[in-house]
Amino acid sequence: MSVRTRAVCCALAGILVAIAIASTAFAQVPKGMAGTWKLNTAKSTYSPGPAPKNMTIVYTPAAGDAMTILVDVVPATGAPQKWEMTALYDDKDHPVKGNPDADSISLKRVSDTTGESTFKKGGKVMAVNTRVLSADGKTLTITSKGTTSDGKPRNDVAVYDKQ
């Protein structure tokens, strides 16, 4: 898998964790967030790219007002990956398992439909992600701005459809 693809995937995972942490601040998972989301590559843009071949995210409420996030990624190159994280919206770092480009994420809830996450590797910020859930609850848009693991700037907009 390319370094850029890993960075993109890490940023997306970070956003997902941010969503999970934000839900705790309001003592529940954001309405409409729980469930399975599939990347719509036709509606997404990755700069510098390339986009993953496939990506699915599953949000599940967990004990203590937390959310577990499972991410299955088939990068543009390289082996498929599975990431897992359980986190709260408490603006503190939480561990990320299985992601080669991130080991922690901190989440902040902005509103019922918007969350922000900071994705880190070894304490270094790799991306800041903003997640927005559509009013009808059918589309999740994750905007990720940061640096690829090889030091290049990136700006990705990933659009997910609820399954």
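Start at 1 with the first residue, then count along the sequence.
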- Message: Ignoring hydrogens, what is the shortest heavy-atom contact between A51 and A76? Give both atom names and the distance.
- Response: O-CB, 3.5 Å

- Item | Closest heavy-atom pair and its distance - P52, V73 | CB-CG1, 4.2 Å

- Task: Go through the side-chain N and O atoms of T130 and T143 and say whether any donor and acceptor fall under 3.5 Å apart.
- Result: no

- Query: Is there a donor in the side chain of S117 and an acceptor in the side chain of R131, or the other way round, less than 3.5 Å apart?
  - Reply: no

- Please examine the side chains of T147 and K152, heavy atoms only from C-beta on, and report whether any two atoms are closer than 4.5 Å. no

- Item | Exercise: identify the closest heavy-atom pair between G98 and W83 | O-CD1, 3.1 Å

- Query: So do M85 and V96 actually touch side chain to side chain, heavy atoms under 4.5 Å?
  - Reply: yes

- Looking only at heavy atoms, what is the nearest atom pair of P80 and P75, with distance? CA-CD, 4.1 Å

- Using the test salt bridge (charged side-chain N to carboxylate O under 4.0 Å, His left out), find all partners of K82 that sit at least two apart in sequence or belong to another chain. D72

- Look only at the side chain of T114 and the backbone of V110, and say whether a donor-acceptor pair between them is shorter than 3.5 Å. no

- Query: Can you list the residues that meet the salt bridge (charged side-chain N to carboxylate O under 4.0 Å, His left out) rule with K120, with sequence neighbours excluded?
  - Reply: D93

- Message: Would you compute the distance between atom CD1 of I105 and atom CE of M126 and round it to the nearest 0.5 angstrom?
- Response: 11.5 Å

- Could you tell me whether a side-chain N or O of D91 sits under 3.5 Å from a main-chain N or O of K108, the two making a donor and an acceptor? no

- Task: Decide yes or no for I57 and I69: does some side-chain heavy atom of the first lie under 4.5 Å from some side-chain heavy atom of the second?
- Result: yes

- Message: Are the side chains of N99 and F119 in contact, using a 4.5 Å heavy-atom criterion?
- Response: yes

- Message: Working to the nearest 0.5 angstrom, can you tell me the gap between S144 OG and N155 CG?
- Response: 8.0 Å

- Message: Minimum heavy-atom separation for Y160 and L39, please, with both atom names.
- Response: CD2-N, 3.4 Å

- Is a salt bridge present between E84 and K97, judged by a nitrogen-to-oxygen distance below 4.0 Å? no

- Message: Please enumerate all residues that pass side chain to side chain donor-acceptor pair (under 3.5 Å) together with K38, with sequence neighbours excluded.
- Response: N54

- Note on the structure: side-chain contact (heavy atoms from CB on, under 4.5 Å) filter on T36, not counting sequence neighbours, yields T56, V58, Q163

- How long is the gap from OG on S111 to CD on E116, to the nearest 0.5 Å? 11.5 Å

- OG/S47 to NZ/K145 distance, rounded to the nearest 0.5 angstrom? 11.0 Å

- Query: How many angstroms lie between atom NZ of K162 and atom CH2 of W37, to the nearest 0.5 angstrom?
  - Reply: 5.0 Å

- Message: Just to verify, what does S134 make a side chain to side chain donor-acceptor pair (under 3.5 Å) with, not counting sequence neighbours?
- Response: D136

